[in-house]
Each structure stands twice: as C-alpha cells, then as structure tokens.
A.B. asks: 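Pasting a structure here, questions to come.
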Amino acid sequence: MGRFSSREIPTERMATTSNALGIPLGGVRVRFAPSPTGYLHVGGARTALFNWLFARRQGGTLILRVEDTDLERNRPELVEGILDGLRWLGVDWDEGPYFQSQRLDLHRAAAEKLLASGAAYLCYCPPEKYAGGDAVEETEDAKKEAGPRRVTRCACRTGKPAPSNQKPAIRFRVPLDATTRFNDAVFGPHEVANEEIEDFVLLRSPKEDQGHGAPTYQLSVVVDDIDMRITHVIRGSDHISNTPKQVLLYRAMRAAPPVFAHVPLILGADRTRLSKRHGATSVGSYRDEGFLPEAFRNFLALLGWSPGDDTEFLRTSELVSRFSLEGVSRNNGVFDRAKLEWYNTQYLQKLPIDDLLPAVQGELERAKLWQPEWAAAKREWFSKTVDLLRPRTRLLPDFSTWARAFFSDSFDYDPRACEKFWKDERLGGMLDKLADGLALLPDWNHDGCDHVLRELAAAEGVKAGLLINAARVAIVGQAVAPPLFETMVVLGQERVVSRLRRAVKALAAR
RNA sequence: GGCGCUAUGGUGCAACGGUUAGCACGUGGCCCUUUCAAGGCCAAAAUGCGGGUUCGAUUCCCGCUAGCGCUACCA
C-alpha cells in the first residue's frame with residue numbers, strides 16, 4: 001500500500017496560544033473525548049487506546065474530556081462506566097476528566113467573538129426549517145425524490161430583516177470562493193470546496209426561558225482543543241467530513257489547527273457499523289465475560305493498526321514503542337470475535353503465572369469459591385493448580401465452572417461425562433479397589449498414582465484408559481480435565497480417595 | 001440525491017514498481033494422546049471490474065461498481 005510522503009506530519013507541531021487552564025506549553029497533547037450517551041464501545045475503546053499509545057510513544061500528555069453538551073441524550077451516570085472501561089483496558093490519562101458542560105461560558109464567549117468579528121452571523125430561521133429529524137421523514141424514497149439538497153445558506157447571512165419574536169442562533173459564515181484543505185496523518189491530503197460546507201450553527205437559539213443558547217459540538221471541540229492546546233486529534237473517521245468545518249473555525253479564531261489523524265471504523269460481522277444488535281459491543285461486556293485485558297488490548301491494537309510486519313503478540317511496552325500513525329490502516333475493519341477468543345486462550349497460557357493469578361482470584365471471589373489462604377500459606381498450591389488448569393481454559397469463568405472441583409468439594413458430575421465414561425458396570429467395584437490402593441500409598445506423587453492404577457487395570461484385565469477416564473469423572477466431575485495423575489497430585493490423597501468412595505456410592509445408586 | 005473516503009482469501013494484517021502474493025484467525029485433514037485443549041504438519045481460500053502509464057503493476061493515474069461515512073440548532 002503506497003503511502004505518500006505527504007503523510008509525514010511533523011509531530012512536534014503545537015499550538016502556542018494561551019489557555020484558561022494554566023497548562024505549561026510544549027509537547028504532544030492528545031485527547032480522548034467520549035460522549036456519555038452510552039457505554040464505552042469497542043470503537044471508542046480503540047480510539048482511546050490509539051491516543052494513549054501515541055501519547056506514551058511521544059512522551060506526551062493524554063487528556064480525557066467528556067463531551068456532554070447534548071442536553072437531551074447526555075447521561076451523567078454513564079461517565080463512571082466509561083472511566084472503568086478505560087482503566088480496565090490499561091488506558092490512563094494525565095489530565096481530566098474535564099466536562100464540556102462546565103465550559104459553556106468559554107464556548108459562548110468564542111461564538112460572541114466570532115459574531116463581533118463578522119465571521120459569524122445571527123440566524124433567525126426557525127430551527128425546524130433545517131432540522132432533518134422531525135420536519136422531514138427521511139425514508140429512502142423521500143431522499144431520492146428530494147434531489148440535490150442545497151447547502152444551508154439562508155437569507156440571514158446577508159442580514160435580512162429579523163422577525164421580532166424569534167430568538168436567533170449564531171451561524172458560522174463560511175468564506176465562499178475558497179477551498180479548505182488539511183493533511184490527515186492517516187488518510188493523506190484532503191480538500192473540499194467551501195461551497196459544499198454549510199453555514200453550520202455555532203450557538204443554538206435559546207430555549208423559551210433561557211437567555212442564551214447552547215454551543216454545538218463543532219464549536220465546543222474547536223474551542224476546547226485550542227484551549228487545551230491539543231496538538232494531534234486522533235478520532236474516528238466518521239469525523240472526516242466535519243474536519244473542514246473545524247479547520248475553518250481554527251482560522252477564524254486565528255489558531256493553528258492540530259494534526260488530524262482519523263482512524264477507520266470498526267464494523268460488525270455484516271460489515272455495517274457496530275451497534276447493539278451485533279451483540280456485545282461494550283468493553284464492559286468483554287470484561288464481564290472473562291476476557292483478559294492484556295488479550296483484549298493486543299487484539300484491539302491490531303485491528304486497524306500494524307507494526308509493519310507479521311508480529312501478532314505485542315506486550316504493552318512493545319505496543320508503545322512500535323506505535324505510529326503511519327501504521328494505521330485506512331480500511332474499516334470487522335470485529336472478529338473468534339480471533340479475540342484466540343488471543344484470550346493464548347494469553348491465558350502465556351501470561352507469566354503471577355500476572356494471571358490475580359485475575360483468577362477475582363473470578364473465584366465472584367463465584368464465592370475463594371479461600372484467603374490461597375494467597376498466603378497455600379499460594380504455591382494455588383499457583384500450581386492454576387498453571388495446571390490454564391491450558392484448557394478459554395475465559396476466566398472456566399476456572400469457577402468447569403474447574404470448580406479444584407477449588408471446592410461441592411461439585412456435580414457432568415451428566416455427559418457419566419454417560420461417556422461410567423458405562424461399564426464393573427466400574428463401581430474397580431473404583432473402590434482403586435481407592436483402597438491409593439489410600440495405602442506412602443508417597444503421594446504422580447508415578448505412585450500411575451503405578452497403582454495400572455496395576456489394578458492389569459489385575460482386572462481392563463485397559464488403563466477405562467479406569468483413568470472413570471476416575472477423572474469421579475474426582476473432578478468432568479470428562480475434560482488436566483492429565484489424571486497430575487490432577488491427583490494437586491488435589492491430594494485424602495480428597496482423591498474420598499471422592500472415589502463418593503463416586504462408588506453414586507455408581508451403586510444408578 | 002450531493003460531498004467525501006475505501007477496495008489483497010470468509011476475517012485482520014504484510015508486500016511502499018520486479019516475491020511461486022507472506023503471516024495470523026477461522027475452516028478441513030493428519031500427527032501427538034489418558035479425556036479435552038495446547039502444540040506440530042498439510043490443504044482449500046485473495047489482489048472487485050475496465051482502461052491507461054511502464055520493460056514490468058497488488059502497488060501509480062482515470063472510469064465503473066460496491067461498501068462505508070457525512071449530509072442536524074447529535075456528538
């Protein structure tokens with residue numbers, strides 16, 4: 001894929017205007033700006049991750065800014081969930097969270113200033129005239145019949161007489177007969193004729209009882225990005241079409257635009273934009289399902305970014321050291337859950353055991369199976385047991401469900417396991433004898449257990465596999481488990497013998 | 001409809017004018033085996049279409065097609 005040289009954007013570029021926050025000048029400054037209208041979805045999470053990686057790589061600053069200027073849809077209670085999601089992902093921020101809703105005066109002042117300088121004008125049109133939602137039914141047919149839709153350029157622009165009872169909005173006066181350009185760090189040069197850009201609203205017309213209107217997104221982002229001295233705007237490519245408007249605003253405010261870097265969108269399996277009907281789309285749901293953050297982060301980083309070669313496992317430090325905007329793809333990518341699961345199984349197996357233990361502890365605590373001594377006196381045992389179990393796990397909850405018998409004496413026999421391995425009627429007697437033999441073992445170890453079982457199998461004239469599989473069901477209740485003798489060692493002699501006796505009774509009762 | 005962006009197997013990426021188009025997930029098969037995973041090996045599977053430019057196009061240019069985004073007094 002050809003990359004033109006125009007993509008080489010100076011990363012040291014920065015705004016130099018003063019700001020209201022008293023932040024020292026200099027260095028890369030990026031921001032993640034979620035709006036609390038929903039949970040943290042995977043697309044937003046990846047944008048946050050890319051911002052974080054870029055900031056860390058450049059030794060810069062990551063700012064968290066909550067864009068809650070949508071009075072109707074904003075849900076303050078969702079903010080904490082978004083922050084939790086970011087923390088889980090390992091994305092930490094250096095400043096904020098700032099809330100745009102607390103900066104409205106700054107935004108309004110900017111609009112007034114633009115108005116005073118002539119870069120904006122008062123628009124007395126009733127909101128419904130241009131609002132798409134309620135006024136016009138936007139069916140497919142209606143769209144086609146509508147023909148070429150004109151860019152908003154109302155009479156107010158040239159100062160038509162104002163109706164007395166209508167409170168005005170402030171619109172930006174797009175300079176005509178010009179072209180607006182910017183150089184996207186991912187998508188390359190981009191330009192659009194100003195005729196195509198509407199005179200967008202900066203300040204909404206005031207509601208009934210209010211003295212002044214609310215700023216719109218376009219105004220707020222630019223004002224805040226200038227004020228916070230953002231040097232690189234890394235965000236979803238759905239914002240590409242908005243960017244020329246913002247570039248125009250930067251000019252009107254006499255501020256240097258930041259570097260824009262748009263990252264491709266994440267799509268569902270049907271190649272449409274990820275939404276609720278695609279099932280799990282919030283990072284919280286993946287955390288709750290028992291994915292490891294390390295795996296999720298690795299997977300997410302490689303969706304729409306590549307280090308340039310075929311590397312597929314990157315630790316956080318490698319992600320940071322290898323991340324660059326040049327490696328970001330321009331193609332929208334499909335969220336592939338199967339691959340995420342693969343990453344998770346890989347991390348469950350490869351993570352240093354000490355890094356995995358806390359996650360397993362958390363899972364056992366959730367399941368009310370946790371014993372504090374496993375983190376203290378019996379830590380060694382816990383570590384060994386988890387290590388034995390992990391090659392067969394896919395998600396964290398496997399430790400408390402499938403592997404329950406390793407952490408509790410209260411477990412059920414899986415009916416399918418019984419069906420498969422407890423068929424032979426002689427098993428009751430044989431397991432009883434196995435318990436006898438194991439109970440007499442002076443040294444409880446792998447080879448001792450192995451020897452007892454194989455001797456018994458030979459004496460009974462059956463294949464060792466018959467006893468092995470039956471005994472596995474007896475002591476852990478599952479058809480699938482780690483190798484039997486290692487399992488026995490970890491569970492201990494007393495427990496194994498008593499579980500065999502219990503199985504003998506269960507078998508007899510059938 | 002208008003404007004914009006994108007186009008390598010089913011999926012995610014690599015190949016930056018010259019490769020038998022590479023890797024990984026997934027899929028199928030084989031090996032290993034004490035169940036099931038893991039692991040190893042093998043296989044099927046891609047440059048959307050049409051024109052240029054060039055000694056040579058996956059790669060550069062144009063058109064078409066398709067997909068996506070924007071087209072709000074949402075963000």
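Residue numbers start from 1 in every chain, and the chains themselves are labelled A, B, ... in the order their sequence lines are given, proteins ahead of strands.
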A.B. asks: Starting at atom CG of Leu202(A), determine the distance to atom P of C73(B), rounded to an integer number of angstrom.
C.D. replies: 12 Å

A.B. asks: Would you mind listing every ring pair (Phe, Tyr, Trp, His ring centres under 6.0 Å) that reaches into residues 462-489 of chain A, with sequence neighbours excluded?
C.D. replies: His446(A)-Phe485(A)

A.B. asks: What is the distance, rounded to the nearest whole Å, between atom CG of Leu203(A) and atom P of A72(B)?
C.D. replies: 19 Å

A.B. asks: Tell me every residue that passes side-chain contact (heavy atoms from CB on, under 4.5 Å) with Glu77(A), counting only those two or more places apart in sequence or in another chain.
C.D. replies: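 Residues passing side-chain contact (heavy atoms from CB on, under 4.5 Å) with Glu77(A): Arg75(A).
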
A.B. asks: When you compare the side chains of Thr243(A) and His262(A), does any donor N or O come within less than 3.5 Å of an acceptor on the partner?
C.D. replies: yes

A.B. asks: Could you tabulate the donor-acceptor pairs under 3.5 Å formed by side-chain atoms of residues 301-308 of chain A, not counting sequence neighbours?
C.D. replies:
unit_1: Trp305(A); atom_1: NE1; unit_2: Ser324(A); atom_2: O; d: 3.3
unit_1: Ser306(A); atom_1: OG; unit_2: Gly308(A); atom_2: N; d: 2.9

A.B. asks: Would you be so kind as to tabulate the donor-acceptor pairs closer than 3.5 Å made by side chains of residues 457-481 of chain A, with sequence neighbours excluded?
C.D. replies:
unit_1: Glu460(A); atom_1: OE2; unit_2: Lys433(A); atom_2: NZ; d: 2.8
unit_1: Asn469(A); atom_1: OD1; unit_2: Arg472(A); atom_2: NH1; d: 2.9
unit_1: Asn469(A); atom_1: ND2; unit_2: Gly465(A); atom_2: O; d: 3.2

A.B. asks: Tell me which nucleotide among C13(B), C5(B), C25(B) gets nearest to the side chain of Ser329(A).
C.D. replies: C13(B)

A.B. asks: Let's see if you can work this out: which of U11(B), A7(B), C25(B) has an atom nearest to the side-chain heavy atoms of Ala338(A)?
C.D. replies: C25(B)

A.B. asks: For the side chain of Glu196(A), counting heavy atoms from C-beta on, which of G2(B), C25(B), U11(B) is nearest?
C.D. replies: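 For the Glu196(A) side chain, the nearest candidate turns out to be G2(B).
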
A.B. asks: Verify the contact: side-chain N or O of Arg330(A) to OP1 or OP2 of A7(B), cut-off strictly under 4.0 Å; return yes or no.
C.D. replies: no

A.B. asks: Roughly, in whole Å, what's the span from CZ in Arg46(A) to C1' in C13(B)?
C.D. replies: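 Atom-to-atom, Arg46(A) to C13(B), this comes out as 13 Å.
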
A.B. asks: Examine the side chains of Ser220(A) and Gln100(A) and answer whether a donor and an acceptor come within less than 3.5 Å of each other.
C.D. replies: no

A.B. asks: So Leu302(A), base contact, sugar-phosphate only, or nothing? Heavy-atom distance under 4.0 Å.
C.D. replies: sugar-phosphate

A.B. asks: Check the distance between C25(B)'s P and Arg337(A)'s CZ and give it to me in whole angstrom.
C.D. replies: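 Checked: the CZ to P distance equals 18 Å.
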
A.B. asks: From Ser205(A) OG over to Leu122(A) CG, what is the distance, rounded to the nearest 0.5 angstrom?
C.D. replies: 11.0 Å

A.B. asks: Gly236(A) near the nucleic acid: base, sugar-phosphate alone, or nothing, with a heavy-atom cut-off under 4.0 Å?
C.D. replies: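 Result for Gly236(A) = nothing.
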
A.B. asks: Of the residues in residues 463-481 of chain A, which ones touch RNA chain B at a heavy-atom distance under 4.0 Å?
C.D. replies: Ile468(A), Asn469(A), Arg472(A), Ala479(A), Val480(A), Ala481(A)

A.B. asks: Please state how far atom CD in Glu312(A) lies from atom P in U11(B), giving the value in whole angstrom units.
C.D. replies: 19 Å

A.B. asks: Apply ring pair (Phe, Tyr, Trp, His ring centres under 6.0 Å) to the pair Phe187(A) and Phe260(A), showing each step before the final yes or no.
C.D. replies: CA-CA 9 Å; Phe187(A) 285 85; Phe260(A) 291 99; over 10 Å; no

A.B. asks: With no angle test and no hydrogens, is the base of C36(B) tied to the side chain of Arg392(A) by a donor-acceptor pair under 3.5 Å?
C.D. replies: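 In this structure, the two groups form a donor-acceptor pair.
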
A.B. asks: Just by protein heavy atoms under 4.0 Å, how would nucleotides 39-45 of chain B read 5' to 3' in B, S and -?
C.D. replies: S------

A.B. asks: NA contact type, Pro264(A), heavy-atom cut-off 4.0 Å: base, sugar-phosphate, or nothing?
C.D. replies: nothing

A.B. asks: Taking atom C1' of C25(B) as reference, at what distance in whole Å does atom CZ of Arg394(A) sit?
C.D. replies: 12 Å

A.B. asks: Using the side-chain hydrogen bond (donor to acceptor under 3.5 Å, both in side chains) definition, which of the options Arg108(A), Arg103(A), His107(A), Gln102(A) pairs with Asp105(A)?
C.D. replies: Arg108(A)

A.B. asks: Please list, chain by chain and in numerical order, all residues satisfying side-chain hydrogen bond (donor to acceptor under 3.5 Å, both in side chains) with Arg392(A), sequence neighbours excluded.
C.D. replies: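 Result, side-chain hydrogen bond (donor to acceptor under 3.5 Å, both in side chains) vs Arg392(A): none returned.
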
A.B. asks: Please report the distance, rounded to the nearest Å, between CZ in Arg75(A) and P in A75(B).
C.D. replies: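 That distance rounds to 17 Å.
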
A.B. asks: For Arg46(A), give me all partners under side-chain hydrogen bond (donor to acceptor under 3.5 Å, both in side chains), at least two apart in sequence or on another chain.
C.D. replies: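 None.
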
A.B. asks: In whole Å, I'd like the distance from the CZ atom of Phe187(A) to the P atom of G4(B).
C.D. replies: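 Rounded to whole Å, this separation is 15 Å.
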
A.B. asks: Regarding Tyr343(A), tell me which of base, sugar-phosphate or nothing describes its non-hydrogen contacts under 4.0 Å with the strands shown.
C.D. replies: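 Since no nucleic acid heavy atom lies under 4.0 Å of Tyr343(A), the category is nothing.
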
A.B. asks: Sequence neighbours excluded, which residues qualify as salt bridge (charged side-chain N to carboxylate O under 4.0 Å, His left out) partners of Glu318(A)?
C.D. replies: Arg315(A)

A.B. asks: Would you please confirm or rule out a distance under 4.0 Å between OP1 or OP2 of C73(B) and any side-chain N or O of Thr216(A)?
C.D. replies: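 Answer no for this pair, as no side-chain N or O of Thr216(A) is under 4.0 Å from OP1 or OP2.
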
A.B. asks: Of the candidate nucleotides A37(B), A75(B), U35(B), which contains the atom at the shortest distance from the side chain of Pro391(A)?
C.D. replies: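 For Pro391(A), the side-chain atoms sit closest to A37(B).
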
A.B. asks: Tell me, for nucleotides 62-70 of chain B in 5' to 3' order, what letter each nucleotide earns: B for a base near a protein heavy atom under 4.0 Å, S for only sugar-phosphate near one, - for neither?
C.D. replies: ------SBS

A.B. asks: Between Arg31(A) and Asp224(A), is the closest basic N to carboxylate O distance under 4.0 Å?
C.D. replies: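 So Asp224(A) does not pair with Arg31(A) through a salt bridge.
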
A.B. asks: Under 6.0 Å between ring centres, would you say that holds for Tyr217(A) and His239(A)?
C.D. replies: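 Yes; His239(A) has its ring centre under 6.0 Å from that of Tyr217(A).
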
A.B. asks: Glu289(A): what forms a salt bridge (charged side-chain N to carboxylate O under 4.0 Å, His left out) with it, not counting sequence neighbours?
C.D. replies: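 Here the qualifying residues are Arg337(A).
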
A.B. asks: Using a heavy-atom cut-off of 4.0 Å across all strands, would you classify Ser205(A) as base, sugar-phosphate, or nothing?
C.D. replies: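 Since a base atom lies under 4.0 Å of Ser205(A), the category is base.
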
A.B. asks: What stems, by residue range, does RNA chain B take part in, given at least 3 consecutive Watson-Crick or G-U pairs under 3.5 Å?
C.D. replies: B:1-7 with B:65-71, B:10-13 with B:22-25, B:27-31 with B:39-43, B:48-52 with B:60-64

A.B. asks: Would the base of G22(B) count as contacting Asp310(A) through its side chain, where contact means a donor and an acceptor less than 3.5 Å apart?
C.D. replies: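 Indeed, a donor on one side and an acceptor on the other fall under 3.5 Å apart.
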
